[in-house]
Amino acid sequence: MINSKAVQMDAEIISNKRIGTYNHMVFSVDEMANGCRPGNFVAIAVGGPASSMVLRRAFAIYRASMRADGTGLLELVVAPLGNGSKWLASQVAGQKVNLIAPLGTAFGIPTQPVNALLVGGGYGSAPLFALAETLKSRGCRVDMVLGASTAGKIYAPLEGKRSVNSLTITTDDGSAGTTGRVSDVLPALIQEHEIDLIYSCGPMAMLEAITAITQQVGIVHQCSVEEAMACGIGVCMTCVLPVEGDDGVIRMTRTCVDGPVMNGNKVLWSKSRDIPDGVWGK
Amino acid sequence: MINSKAVQMDAEIISNKRIGTYNHMVFSVDEMANGCRPGNFVAIAVGGPASSMVLRRAFAIYRASMRADGTGLLELVVAPLGNGSKWLASQVAGQKVNLIAPLGTAFGIPTQPVNALLVGGGYGSAPLFALAETLKSRGCRVDMVLGASTAGKIYAPLEGKRSVNSLTITTDDGSAGTTGRVSDVLPALIQEHEIDLIYSCGPMAMLEAITAITQQVGIVHQCSVEEAMACGIGVCMTCVLPVEGDDGVIRMTRTCVDGPVMNGNKVLWSKSRDIPDGVWGK
Amino acid sequence: MNFNFGTDIAGTTFPNPIFTASGCAGSGKELVHFFSLSDLGAIVTKSIMLKPRSGRATPRMAETPSGMLNSIGLQGPGIDLFLENDIPWLRDQGARIIVSIAGETVEDYAVLARKLRTVSGLSAIEVNISCPNVENRGQVFACNPETARDAIAAVRRNIGGELPIIAKLSPDVTDITAIAQSVVEAGADSLALINTLLGMVIDTNTLSPKLSQRTGGLSGPAIRPIAVRAIYQVRAALPTIPIVGMGGVANGRDAFELVLAGANAISVGTATFGNPMAAITIKNELEELCIARGFNSFVEAVSYAHRTESK
Amino acid sequence: MNFNFGTDIAGTTFPNPIFTASGCAGSGKELVHFFSLSDLGAIVTKSIMLKPRSGRATPRMAETPSGMLNSIGLQGPGIDLFLENDIPWLRDQGARIIVSIAGETVEDYAVLARKLRTVSGLSAIEVNISCPNVENRGQVFACNPETARDAIAAVRRNIGGELPIIAKLSPDVTDITAIAQSVVEAGADSLALINTLLGMVIDTNTLSPKLSQRTGGLSGPAIRPIAVRAIYQVRAALPTIPIVGMGGVANGRDAFELVLAGANAISVGTATFGNPMAAITIKNELEELCIARGFNSFVEAVSYAHRTESK
Ligand SMILES: Cc1cc2nc3c(=O)[nH]c(=O)nc-3n(C[C@H](O)[C@H](O)[C@H](O)COP(=O)(O)OP(=O)(O)OC[C@H]3O[C@@H](n4cnc5c(N)ncnc54)[C@H](O)[C@@H]3O)c2cc1C
Ligand SMILES: Cc1cc2nc3c(=O)[nH]c(=O)nc-3n(C[C@H](O)[C@H](O)[C@H](O)COP(=O)(O)OP(=O)(O)OC[C@H]3O[C@@H](n4cnc5c(N)ncnc54)[C@H](O)[C@@H]3O)c2cc1C
Ligand SMILES: Cc1cc2nc3c(=O)[nH]c(=O)nc-3n(C[C@H](O)[C@H](O)[C@H](O)COP(=O)(O)O)c2cc1C
Ligand SMILES: Cc1cc2nc3c(=O)[nH]c(=O)nc-3n(C[C@H](O)[C@H](O)[C@H](O)COP(=O)(O)O)c2cc1C
Ligand code: FES
Ligand code: FES
């Protein structure tokens with residue numbers, strides 16, 4: 001079901017700063033910020049009143065906070081790639097955008113202190129910093145791995161780094177940190193820090209590679225998936241992935257309401273993007 | 001044929017001020033301003049990079065001038081009515097729009113000093129002030145009639161009024177000047193000022209009503225027509241009106257290249273918007 | 001105010017003419033978070049089939065200029081679970097319910113109709129015949145007057161007397177009035193116009209079709225001129241048939257356009273994806289527009305753009 | 001650079017695959033103000049008929065979301081004046097010329113073909129069969145395999161051996177591959193896909209259809225997914241027929257999409273209205289994209305999205 005806290009509103013842009021290849025954008029929202037949890041996302045209408053873009057764009061919530069005056073702040077990390085994200089990144093402070101938030105599931109927080117490894121790819125690091133803070137405040141040990149194709153695509157602001165015990169960086173081209181992919185460094189980190197739990201967010205191929213590791217080692221893997229979404233609120237059925245339910249049945253499951261945070265070990269990742277055999281209703 | 005001076009360029013908005021129900025907008029252009037004559041129009045792309053509006057919008061040039069530093073200014077009067085004009089009117093100084101100008105025909109300037117009556121409806125007054133200045137500088141007597149449905153829709157800036165010998169205003173609702181339509185006051189003014197020539201710009205129904213008078217009285221009528229235009233440069237054939245040519249043949253004639261300024265007495269105004277009998281190729 | 005916003009589809013009265021479009025509101029469960037389902041004229045449910053359906057592989061959608069493609073492939077729980085879970089819930093919401101059904105064979109339509117026959121609290125049944133007919137080389141039922149007629153006739157024979165049948169047609173045909181005529185002869189009480197147009201997007205990075213199924217259905221404002229034309233043509237051919245119009249309605253003005261063309265009710269589809277409140281906003285704007293244009297009732301506005309021809 | 005941008009349509013070679021679309025560039029007289037006509041692969045002239053035509057009454061156009069409707073009604077000077085004035089002028093420009101013809105009867109097409117037979121300096125003839133057939137209740141030639149075939153056969157019989165015939169098809173049909181097959185059998189050397197879709201806009205102020213003719217042809221980016229689908233389907237059905245693709249191409253990426261679907265050349269229509277330089281920009285962007293994606297020649301990219309199927 002849809003996130004019960006979801007609210008639709010026109011939110012003013014408070015600031016929009018270029019950081020590396022990303023835009024860090026801050027929006028003024030009301031108490032809605034209170035309802036946001038790490039992992040939730042926001043759906044934003046793009047292109048203005050005469051837009052040719054009919055669908056909202058989803059963005060992971062980077063940070064949500066309440067100010068003393070009772071107004072809330074919502075922060076996003078936007079990669080200006082296509083028409084919609086470029087439009088959003090070109091909006092300036094003072095302009096308003098229509099958004100719906102919080103949407104989707106949040107990262108589950110363990111009731112006991114555990115050793116958590118947070119893995120982010122590209123702008124997938126965005127929701128991990130708020131998560132790291134929460135985990136820290138619950139007494140967890142938090143290690144982080146961030147990967148990207150190249151250094152400019154690593155999003156790791158200073159204040160974010162403060163809440164982690166260690167930060168490992170990988171880049172495909174070796175322009176920062178270890179040359180290679182996050183999945184290359186995972187096994188060693190899991191062992192070294194005696195990881196109980198992996199949280200991840202990034203491209204689907206990365207999540208699939210992590211799952212291969214977590215399934216093998218047998219540790220919990222909460223991942224935030226990114227499947228193309230038309231509605232973001234559960235009514236269109238475009239955003240599905242094959243996921244095994246608690247009843248053992250594999251269903252094409254909506255990632256906008258039953259995700260984006262899902263149990264990675266239960267997702268039937270399939271590169272070929274088929275309907276795997278055994279899916280209910282195939 | 002297309003106006004030989006036509007240039008396509010990105011022009012920066014220098015100012016955008018609300019005046020009555022209109023927006024007076026000034027654009028920075030280069031020497032292009034030099035080529036603009038009263039009656040010419042500009043075609044502007046609207047809606048930004050992800051616009052759902054595929055067609056340019058036409059606007060009569062209100063004023064075009066060169067500055068000492070060699071840059072040119074282009075001024076328009078925009079009525080924010082539909083999606084495109086609202087978008088344009090909402091753009092602020094510093095932003096750029098893509099425009100093509102000058103386009104179309106200009107008002108013909110008599111070689112001898114004559115008594116000219118300029119008739120404008122709504123924003124149709126826009127091109128008449130520059131025309132009035134030109135006529136004045138040629139020694140003409142210039143009287144002006146402006147009409148609109150209501151006072152707020154009369155566009156008559158102070159500096160514009162300076163170049164006319166008299167200004168008569170009509171409004172349908174009587175909120176300013178004489179109650180009624182411009183065509184109601186025309187016959188008396190024609191007589192009073194011994195008018196040789198009428199210039200007009202405004203809604204098609206007004207131009208038709210004026211033509212009924214000029215044809216009867218037998219005076220020249222140069223009118224700037226406003227027919228929906230898809231391309232503005234003569235390639236699409238959407239903007240036609242039935243016009244009698246010098247050879248006596250009535251043709252469906254493109255108002256974007258053979259207009260917008262046309263000999264009103266040669267236009268076969270037809271309210272029903274039929275192809276009148278006798279049109280070539282009917 | 002005295003304005004009468006009600007509309008009538010084959011004997012069933014709806015308090016207002018704004019419906020959801022099939023497949024664009026699920027079963028309404030998420031939309032109640034934004035408004036009360038009883039505020040709309042009706043909820044048209046996602047087309048339901050006999051058995052549970054996984055639908056197609058992803059990617060299932062691609063945005064296009066002023067529109068989108070989808071190839072969901074009718075994912076759903078199948079009629080039995082649907083009747084068990086969704087219908088009672090919708091009844092509890094006070095919603096007027098139009099059930100959309102879809103089949104792969106004529107017999108599927110017959111069985112679905114029999115299953116719905118005894119269900120109480122339904123306002124109408126919409127028959128989505130824009131589905132591949134597995135018994136006829138996968139040709140879409142709605143693309144051929146005979147197969148369209150067969151599917152509707154099967155529903156007619158099995159549904160019993162009461163429930164109005166709305167036949168939903170595809171615009172991907174040479175002559176939509178011929179299909180309309182055919183399904184009305186077969187017993188359709190009303191027509192839903194239009195379903196999506198077959199389209200395709202190719203990803204210029206992967207150099208392959210973007211959707212897993214290659215083609216998908218085009219919806220959204222891009223197709224509105226096609227919807228208006230189809231409704232206008234069918235209204236001219238069948239002056240009295242109730243029409244549920246849809247296709248690219250994003251605001252009250254758009255809805256009004258389809259109404260003037262001949263629609264007795266309007267389904268809102270893709271617009272809901274851009275704005276969950278779209279249907280409610282459209283409803284309010286449409287009412288205001290009808291009043292502003294001097295109509296005393298919604299019914300007066302229906303087909304009004306045809307008046308010059310009847311003069 | 002070694003990239004070969006040339007393309008071949010039924011034996012005629014063009015230095016690049018970007019053409020104007022019929023009716024969207026007049027005879028090129030205005031566009032020379034913006035660029036040299038010889039820079040494009042070819043100029044496709046506005047469809048010319050036997051006699052002078054006034055076209056339809058205005059309004060002839062309405063903007064729609066990401067598109068527009070037009071009902072120009074083939075205004076033009078008739079073939080004789082056209083051959084006298086426009087062709088010599090186009091030849092002087094160094095343009096490669098594709099003449100588009102349109103008729104109201106099969107005999108019209110035959111006569112037009114005979115008139116063109118002896119004209120020198122033409123690269124091809126495009127046969128616009130999306131016209132009402134006055135001998136068949138005004139049904140559009142292109143909407144019926146038989147009448148489409150008759151029109152093309154009449155041109156084939158009369159045109160002589162050399163000049164390639166490009167048959168331009170309408171997307172407003174149930175099965176465009178059937179029409180394609182039919183005109184190819186009748187002697188078409190190439191296909192142009194797609195003409196506009198029949199649409200309508202109703203003015204919610206006047207409460208009447210906006211165009212004087214009520215309906216008009218929908219063009220622009222809104223229809224691009226339909227064009228891609230039609231080209232892809234026809235390419236799959238007729239693997240070797242040269243296709244001139246068009247429909248909503250507004251930039252190089254769009255053109256590339258149609259090329260991957262199967263187009264051997266691209267006509268640019270509505271985009272020119274928004275930007276007189278559109279065709280040139282598209283040409284440059286398309287060349288860059290082909291190179292960026294690793295193609296050594298334009299021809300390699302044609303139909304590339306079909307490769308997975310042939311594997
Ligand atoms: C749950 C979720 C969280 C996300 N978080 C972020 C974030 O924090 N920062 C950020 O920059 N982006 C994020 N994205 C991606 C973002 O929603 C857009 O998809 C992306 O910005 C590209 O859209 P566009 O309009 O620029 O591209 P366009 O090419 O115009 O997009 C066309 C359509 O394809 C979809 N699409 C394109 N690329 C993707 C993609 N990679 N994933 C899913 N859909 C796609 C778009 O949503 C749109 O519907 C997230 C997506 C999801 C589903
Ligand atoms: C030669 C000429 C000069 C013009 N000068 C001015 C001017 O000085 N100031 C000004 O405010 N407007 C002027 N207009 C009208 C202007 O071009 C737009 O049509 C008007 O602003 C409405 O467009 P829109 O995008 O707001 O409305 P929309 O409803 O979005 O327009 C949809 C389409 O219809 C066309 N259209 C709508 N109304 C008209 C109209 N009245 N005349 C012609 N086409 C129309 C639009 O151009 C557009 O293609 C002029 C038009 C022409 C042809
Ligand atoms: C994601 C999606 C799913 C759809 N599913 C169905 C369906 O299950 N049954 C059906 O009859 N139509 C379905 N449609 C078509 C819509 O009901 C509607 O006819 C079409 O989208 C045009 O309306 P719109 O432009 O307002 O969306 C679907 C459309 C979309 C976009
Ligand atoms: C104003 C206008 C006039 C057109 N005239 C013709 C024509 O005379 N002959 C023809 O075959 N197609 C004509 N077309 C169709 C175009 O050639 C083209 O097939 C269609 O517009 C789709 O391409 P586009 O989306 O790039 O415009 C016309 C289109 C427009 C918009
Ligand atoms: S995005 Fe529509 S159901 Fe998930
Ligand atoms: S607007 Fe295209 S020819 Fe005049």
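Bear in mind the structure is a predicted one, so any value in this text is a computation, not a measurement. Numbers restart at 1 for each chain; the letters A, B, ... are given by sequence-line order, proteins then strands.
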Seminar exercise, completed: In terms of heavy-atom pairs under 4.5 Å with chain D, the winner among C/Asp203, C/Asn144, C/Val228 is C/Val228

Exercise. Do D/Pro209 and C/Tyr232 come within less than 4.5 Å of each other through their side chains, counting heavy atoms only?
Worked result: yes

Could you give the distance from [atom1] ([X]) to [atom2] ([Y]), rounded to the nearest 0.5 Å?
X	Y	atom1	atom2	value
C/Leu289	D/Asn205	CG	CG	9.0 Å
D/Met200	C/Ile231	CE	CD1	10.5 Å
C/Gln233	D/Leu198	CD	CG	6.0 Å

Exercise. Of the backbone (N, CA, C, O) and the side chain (C-beta and beyond), which part of D/Leu260 lies under 4.5 Å from a heavy atom of chain C, both, or neither?
Worked result: both

For this session: Under 4.5 Å heavy-atom distance to chain C, tell me which part of D/Leu69 shows up: side chain, backbone, both or neither.
Result: side chain

Seminar exercise, completed: Sequence neighbours excluded, the answer for side chain to side chain donor-acceptor pair (under 3.5 Å) partners of D/Asn251 is none

Exercise. Under 4.5 Å, heavy atom to heavy atom, which residues of residues 170-182 of chain C contact chain D?
Worked result: C/Asp172, C/Val173, C/Thr174

Exercise. Under a 4.5 Å heavy-atom cut-off, does chain D meet the side chain of C/Leu207, its backbone, both or neither?
Worked result: both

Problem set entry | chain D contact via C/Thr204 - side chain, backbone, both or neither, heavy atoms under 4.5 Å | both

Which atom of [X] lies closest to which atom of [Y], heavy atoms considered:
X	Y	value
D/Leu218	C/Ala222	CD2-O, 3.9 Å
C/Arg229	D/Thr215	CG-CG2, 4.0 Å
D/Ala305	C/Ser208	CB-CA, 4.3 Å

Seminar exercise, completed: So salt bridge (charged side-chain N to carboxylate O under 4.0 Å, His left out) across residues 246-269 of chain C, not counting sequence neighbours, yields C/Arg224-C/Asp254, C/Arg224-C/Glu257, C/Arg253-C/Glu257

Problem set entry | D/Glu63: partners by salt bridge (charged side-chain N to carboxylate O under 4.0 Å, His left out), with sequence neighbours left out | B/Arg57

Exercise. Taking it one step at a time, do C/Leu197 and D/Leu197 satisfy side chain to side chain contact (heavy atoms under 4.5 Å, CB included)?
Worked result: CA-CA 11 Å; C/Leu197 283 91; D/Leu197 283 92; 3.8 Å; yes

Seminar exercise, completed: Highest number of heavy-atom pairs under 4.5 Å with chain C among D/Gly220, D/Pro225, D/Gly199 belongs to D/Pro225

